[in-house]
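Working notes, structure below.
All of these numbers come straight from a predicted model, not from anything done at the bench. Just follow the structure's listing: the first ligand is 1, and inside any ligand the first atom is 1.
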Amino acid sequence: MRATIMDGRALAAKVQAEVAGDVAGLGDVGLATVLVGDDPASHIYIRRKHEAAQGVGIRSDDRRLPADISQEELIAIVEELNDDDSIDGILVQSPLPKHLDEAKTIEALDPAKDVDGFHPTNAGLLYLGRPALVPATPLGVMRLLDEYRVQIAGARAVVIGRSNIVGKPMAHLLLKANATVSIAHSQTVDLGRLTTDADIVVAAVGVAHLVAPDMIKAGATVVDVGMNRTDAGLVGDVDPGAAERAGLITPVPGGVGPMTIAMLLANTVKAARARRVANPAG
Ligand code: NAP
C-alpha cells in the first residue's frame, strides 16, 4: 500500500484564494509584524509572511527593532499597535533576544489581534473549547484533515510533542473534533506502542525521522509537522518509508509548512471580521 500524499501547497493556495476574497469583501485588513534583532531565519519567515499578506491584499506593517531594545520599549510598541485601529492582527516573531521576556511580550498583545493565537486568553479559550484565535500550524493540520475527509470523531489520535505552539493546541483541536487523544513527549515510554494503535499520528517533535515505518498502523493518517535541517536537506519527523504503511501522509516540504502561512492569513481575516462586528463604526 502506498499512501495518498496530502498536498499542503495546493490546499494553501486554495485557502489563500478564499482569504483574498474575504479581504476584498472587508475592504481593508492590516497585519503588523514585530521583528527584534538579526536572526537570519526570522528575517526569512517575516519576509515570507509579508509576501503572502500582500498576495491576498492584506496591508502589512513591518516593524524592525534593534536587538538591544528594552522590554519596556518593546511593550510600548505592542501597545501602540493594539491602539491602532487600522491594524487587525499583530504577531511578534519568535525567538526574541535572550534579555527579552517572550511570555510578557505576548501578554501585552490585545487578544483580539493575537493572530498567532499565543496569548493566554486565546490558549485558555481553546482549552475551554470556545471560539478563539488558534495557532496557525495546528489549524493548518485540521484544515488538511478536513480537506482529505479524515474521520476524526471516534478516531484514536496521537500527538507527539507538547509545545504551546503546536503539540498542545493540536491535541485540543483534535479533542474538540471528538478524537480520543494521547499526547506523547520526550519522557514517553514506548512511543511505538501508542502510535501503532493510532488512526491519526501528528508528529511535532524536531527529531529527524523519529517516527519509523513500523510505528505506523496500516492505513493510518500521518501528519508530519517537523522541519529538520540535515545534510540531506529539509526533512520531517517521520521516516519517508512510513508512506508504505500509511493511508494518508503529508510530505516535507510541501505539507504542513505552506498551510501555516495560509492559516495565519486566515486568522488575520478572522480577527478583522470579529473586530468589525465588535466595533461596527471602527
Ligand atoms: P519544541 O517546542 O522543541 O517541542 C518539541 C516537543 O517534542 C517537546 O514537547 C518534546 O518533549 C518532544 N520531544 C522531543 N524529543 C522527543 C522524543 N524523542 N520523543 C517524543 N517526543 C519528543 O518544538 P515545536 O516548536 O513544537 O516544533 C516541533 C517541530 O515542528 C520542529 O521541527 C519545528 O521546526 C516544526 N514546526 C513546523 C512548523 C511548520 O509550519 N511546518 C511550525 C512550527 C514548528 P518535552 O516537552 O518533554 O521536551
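L81 and L133 end up in different hydrophobic clusters when Ile, Leu, Val, Met, Phe, Trp and Tyr side chains are linked at under 4.5 Å.
Within a 6.0 Å radius of CZ in R156, other residues, nucleotides and ligands contribute 12 heavy atoms or fewer.
The ring pair (Phe, Tyr, Trp, His ring centres under 6.0 Å) test applied to H172 returns Y127, not counting sequence neighbours.
Between I58 and the choices D22, D28, L264, L265, the side-chain contact (heavy atoms from CB on, under 4.5 Å) rule is met once, by L265.
Within the structure, every pair that satisfies the side-chain hydrogen bond (donor to acceptor under 3.5 Å, both in side chains) test and touches residues 221-235, not counting sequence neighbours, is listed here: N228-D237.
Within 4.0 Å of ligand 1, contacts by protein heavy atoms are made from T137, I160, G161, R162, S163, I165, V166, H185, S186, A204, V205, G206, L210, V225, G226, M227, N228, V256, G257, T260.
Residue L210 is found in a hydrophobic cluster whose other members, listed by chain and number, are I5, V158, I160, L191, L194, V201, V205, V207, V211, M215, I216, V222, V238, I249; membership requires side-chain heavy atoms under 4.5 Å apart, directly or through intermediates.
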